[in-house]
Amino acid sequence: MSDSERVRFEPELLEALNLAGGRWEKGGGAARDLLSPWTGQRIGRVFESTAADVDRAVQAAVAPGRAWGLLPLKERTQVMFRFREALMADLDRLAHSVAAESGKLPSEGRAGVMKGIEVLEFALSLQNLDDGAKVLVSSGVTCEVRREPLGVVAGVTPFNFPAMVPLWMIPIALTVGNAFVWKPSDKTPLTSLLIAEGLRKAGLPDGVFSVVQGGKEAVDALCDHPGIAALAFVGSTPVAKAVYTRATASGKRALCLGGAKNHIILMPDADPEIAASGILASFTGCAGQRCMASSVLLAVGNVDPILEDMAARAKAMVVGADMGALISKDSKARLDAAIAQAAGDGADVKVDGRTAQPGGELAGGNWLGPTILDRVQPGSPAACDELFGPVLSVVRVPSLDAALAIEAGSPYGNAASVFTRSGAVAEEVANRAHAGMIGVNIGVPVPREPFSFGGFQQSRFGSGDITGQDGVAFWSQQKKVTLKWAMPKDMNWMS
Ligand code: NAD
């Protein structure tokens with residue numbers, strides 16, 4: 001591993017503070033140590049936020065947010081251009097912060113920040129695209145649409161993308177003129193300090209962007225707060241559902257993205273190299289801790305040569321160098337138990353990552369090597385539950401129809417992919433799969449902007465996607481204005 005790929009830790013203990021009205025302050029709740037997924041060592045501290053902390057941030061956002069929303073879009077965009085410059089200048093530090101607290105490789109941290117910057121670039125383009133519409137609807141009468149911000153809005157984000165997922169929300173919400181209150185994951189709160197620093201360097205007025213740290217208490221307070229107009233959430237399905245229910249009960253607009261169990265259909269005619277490398281990257285990238293990871297391989301017919309090749313590559317991967325760490329010891333214990341249960345249910349543990357263990361300073365980290373479970377039963381937990389680790393469950397099926405029937409039975413609906421050389425098969429999967437994002441010969445089918453990101457079914461509560469034009473629609477409202485400036489002689493039935 002090159003030096004730039006060796007994860008760096010900030011030398012001092014970092015405190016994840018709240019940002020309200022431009023001032024950093026400790027949340028009023030308990031402090032908790034943050035442990036490195038890489039080493040098990042303490043790398044920082046986070047303070048829980050109370051409802052009073054949330055209220056302070058919201059109150060401090062109201063007036064600056066109103067002034068920010070009244071600026072012309074082009075003026076707000078200038079600040080966001082400088083935000084992009086600040087993020088790019090700080091890319092290496094951001095990548096290492098993400099890696100240090102989430103367990104990702106620094107290269108994965110960098111890729112996540114760059115994907116977030118892609119959303120920011122989409123937001124920057126709005127000044128040229130989003131000019132509303134104006135139509136002469138009758139003699140002397142025009143109708144026009146004006147896009148307006150909602151006011152103070154909030155975002156709640158998961159541990160596994162400490163920079164990218166917030167950057168799905170923050171650039172669009174701010175560019176369209178809102179004040180934004182961010183509740184980062186309580187497991188990965190440190191990168192929020194760097195993102196806030198980027199916005200400060202860009203010249204965003206104090207109060208327009210706030211951070212409240214913590215967990216359920218802070219999230220509940222955001223859901224309930226009458227001063228927050230809209231809330232976006234990304235995390236696990238049970239929490240997404242609860243947050244959606246609570247936020248909408250208090251009259252908010254809400255969009256809550258949940259967990260996933262993504263399927264890859266592997267056809268016998270697939271290109272062996274593209275399939276083996278694509279599937280391996282899908283379930284081992286970010287140590288399998290991403291909502292777009294494929295964790296069920298529906299192996300159609302005889303695909304054994306591809307599976308054997310993939311297993312050999314998986315066995316050769318070195319944890320701590322080729323693949324990062326799991327977020328916590330709890331996660332490691334949960335995954336070890338899930339693998340043991342799958343074996344008990346009759347699966348063949350073809351590649352067993354449970355004993356993977358680097359030495360030296362990484363000995364105290366949370367490690368699980370790539371794991372392949374073959375001949376998993378379709379209805380078993382390994383085939384149905386989101387495990388969120390580098391574990392691939394291979395389910396053998398006789399036909400494409402049988403594969404699509406299993407995919408259709410999943411309550412989730414984030415992503416589905418097919419590896420094939422047949423255009424007809426690819427079309428069939430794209431048409432029939434019950435997922436919001438489909439890949440053909442791509443294991444992680446994340447749409448590139450301006451195509452928006454979002455799943456179906458239990459992977460999303462609320463309507464629309466979180467980025468792209470749907471993101472613009474979510475964070476704004478349209479005012480329809482009908483104007484008549486006609487002289488009296490031009491009056492008609494609308495007079
Ligand atoms: P999580 O649901 O535990 O936490 C998400 C956020 O909710 C965090 O900010 C956390 O502090 C907060 N939270 C936790 N428990 C809460 C509760 N009881 N009430 C209110 N708030 C609570 O998720 P996680 O473990 O941080 O992230 C992993 C999950 O996120 C996986 O299920 C993954 O699939 C999902 N995810 C989904 C997407 C997507 O786009 N659909 C993207 C990334 C991650």
Side-chain angles (χ1 to χ4, degrees), residues 16 27 29 32 34 37 46-49 51 54 101-104 112 115-116 119 154-169 181-189 191-192 211-224 231-247 254-262 285-295 326-328 330-331 334-335 385-389 410-415 435-437 444-447 452-462 464-467 470-471:
R32 194 167 48 76
L34 297 162
V46 62
F47 297 87
E48 293 291 326
S49 297
V54 168
E101 64 177 346
S102 73
K104 282 180 203 290
K115 174 63 198 176
V119 179
V156 178
T157 54
F159 82 81
N160 64 325
F161 283 99
M164 182 187 81
V165 170
L167 290 173
W168 286 351
M169 305 175 185
V181 182
W182 175 22
K183 210 298 287 170
S185 165
D186 50 328
K187 296 174 191 156
T188 54
T191 302
S192 66
V211 182
V212 287
Q213 307 287 356
K216 184 175 188 317
E217 187 178 351
V219 176
D220 286 350
L222 289 168
C223 289
D224 297 345
L231 183 142
F233 170 95
V234 178
S236 61
T237 287
V239 183
K241 197 172 181 176
V243 168
Y244 182 78
T245 305
R246 189 158 184 151
L255 176 60
C256 300
L257 303 191
K261 188 76 175 174
N262 304 315
C286 303
Q289 298 168 113
R290 50 183 174 182
C291 66
M292 294 297 280
S294 288
S295 52
L326 298 175
I327 187 66
S328 65
D330 283 354
S331 187
R334 186 178 50 74
L335 282 155
D385 298 349
E386 182 178 43
L387 300 182
F388 223 53
S410 173
Y412 297 104
N414 223 33
M437 294 171 279
V444 186
V446 175
S452 52
F453 187 101
F456 294 167
Q457 308 192 121
Q458 300 272 313
S459 295
R460 178 196 59 186
F461 300 88
D465 292 334
I466 201 157
T467 65
D470 278 12

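Order of appearance sets the numbers: ligands from 1, and atoms from 1 within every ligand. This structure is a prediction, so every number in the text was calculated from the model and none was measured.
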### Task
Can you pull out the closest protein heavy atom to atom 7 (O) of ligand 1? Residue, atom name and distance to 0.1 Å, please.
Phe233 CE1, 3.3 Å
## Note on the structure
Closest to atom 18 (N) of ligand 1 among protein heavy atoms sits Lys216 CD, 3.7 Å
### Query
Under 4.5 Å between any side-chain heavy atoms of Val444 and Arg290, yes or no?
yes
### Message
Looking only at distances, can you tell me whether any N or O atom of Thr157, backbone or side chain, sits closer than 3.5 Å to an N or O atom of ligand 1?
### Response
yes
### Message
If the cut-off is 4.0 Å to any non-hydrogen atom of Val219, which atoms of ligand 1 fall inside it?
### Response
20 (C), 21 (N)
### Task
Would you mind running through ligand 1 and noting each atom that sits below 4.0 Å from a heavy atom of Trp168?
40 (O)
### Query
Is there at least one pair of N or O atoms, one from Gly235 and one from ligand 1, spaced under 3.5 Å apart?
yes
### Task
Considering heavy atoms of the protein only, find what lies nearest to atom 40 (O) of ligand 1 and give residue, atom and distance to 0.1 Å.
Phe453 CE2, 3.1 Å
### Query
Side-chain contact, heavy-atom cut-off 4.5 Å: Glu217 with Ser49?
no
### Exam field: side chain Asp470 to backbone Gly464, donor-acceptor pair closer than 3.5 Å
no
### Query
Say you draw a straight line from CG of Leu326 to OG of Ser102; how long is it, rounded to the nearest 0.5 Å?
11.0 Å
### Task
Please work out whether any backbone atom (N, CA, C, O) or any side-chain heavy atom from C-beta onward of Tyr412 is under 4.0 Å from ligand 1, and answer side chain, backbone, both or neither.
neither
### Query
Judged by non-hydrogen atoms, does Lys187 sit under 4.0 Å from ligand 1?
yes
### Query
Quick check: does Gly258 get an N/O under 3.5 Å from an N/O on ligand 1?
yes
### Query
Tell me: protein heavy atom nearest atom 39 (C) of ligand 1, and distance?
Cys291 SG, 3.3 Å
### Message
Contact between Leu257 and Phe453 at the side-chain level, heavy atoms closer than 4.5 Å - yes or no?
### Response
yes
### Message
Using a plain distance cutoff, I'd like to know if Ser236 has any nitrogen or oxygen under 3.5 Å from a nitrogen or oxygen of ligand 1.
### Response
yes
### Query
Between Phe161 and Lys104, is there a cation-pi geometry (under 6.0 Å to ring centre, at most 45° from the normal)?
yes
### Query
Which ligand 1 atoms, with their elements, are less than 4.0 angstrom from a heavy-atom of Val156?
6 (C), 7 (O), 9 (O)
### ligand 1 to Lys183 polar contact by distance, N or O atoms, under 3.5 Å
yes
### Message
As a test of the contact definition, would atom 4 (O) of ligand 1 count as having a protein heavy-atom neighbour under 4.0 Å?
### Response
no
### Query
Has ligand 1 got any nitrogen or oxygen that is less than 3.5 angstrom from a nitrogen or oxygen of Asp186?
yes
### Task
Have a look at Asn160, Val239, Val165, Thr188 and point out the one with the heavy atom closest to atom 13 (N) of ligand 1.
Val239
### Message
I need the single residue from Leu255, Val234, Thr467, Leu231 that forms a side chain to side chain contact (heavy atoms under 4.5 Å, CB included) with Met169. Which is it?
### Response
Val234
#### Entry: Donor + acceptor pair across side chains of Gln213, Ser192 (<3.5 Å)
yes
### Query
Mind checking whether Phe159 has an N or O less than 3.5 Å away from an N or O of ligand 1?
yes
### Query
Quick check: does Glu386 get an N/O under 3.5 Å from an N/O on ligand 1?
yes
### Message
One residue to check: Phe161. Relative to ligand 1, which of side chain, backbone, both or neither has a non-hydrogen atom less than 4.0 Å away?
### Response
neither
### Message
Taking the basic N atoms (NZ, or NE/NH1/NH2) and the acidic carboxylate oxygens, is any pair closer than 4.0 Å for Asp186 and Arg32?
### Response
yes
### Query
Ser295 and Glu386: side-chain donor and acceptor closer than 3.5 Å?
no
### Message
When you measure from the heavy atoms of Trp182 to every atom of ligand 1, does any distance fall below 4.0 Å?
### Response
no
### Summary
So for Pro238 against ligand 1, with non-hydrogen atoms under 4.0 Å, the contacting part is neither
### Query
Out of curiosity, Gln289 CD to Phe388 CZ, how far, rounded to the nearest 0.5 Å?
6.0 Å
#### Entry: Nearest heavy-atom neighbours spanning Leu222 and Val156
CD1-CG2, 4.1 Å
### Task
Report yes or no: does a heavy atom of Ser185 sit under 4.0 Å from some atom of ligand 1?
yes
#### Entry: Thr188 to Pro158 - nearest heavy-atom pair and separation
OG1-O, 4.0 Å
### Query
In the protein, what heavy atom is nearest to atom 27 (O) of ligand 1, and what distance, to one decimal place, separates them?
Pro158 CB, 3.3 Å
#### Entry: atom 28 (C) of ligand 1 - nearest protein heavy atom and its distance
Phe388 CE2, 3.6 Å
### Query
Do the non-hydrogen side-chain atoms of Pro162 and Glu101 ever get within less than 4.5 Å of each other?
yes
### Query
If only atom types and distance count, is the side chain of Asn262 paired as donor or acceptor with the main-chain N or O of Cys291 below 3.5 Å?
yes
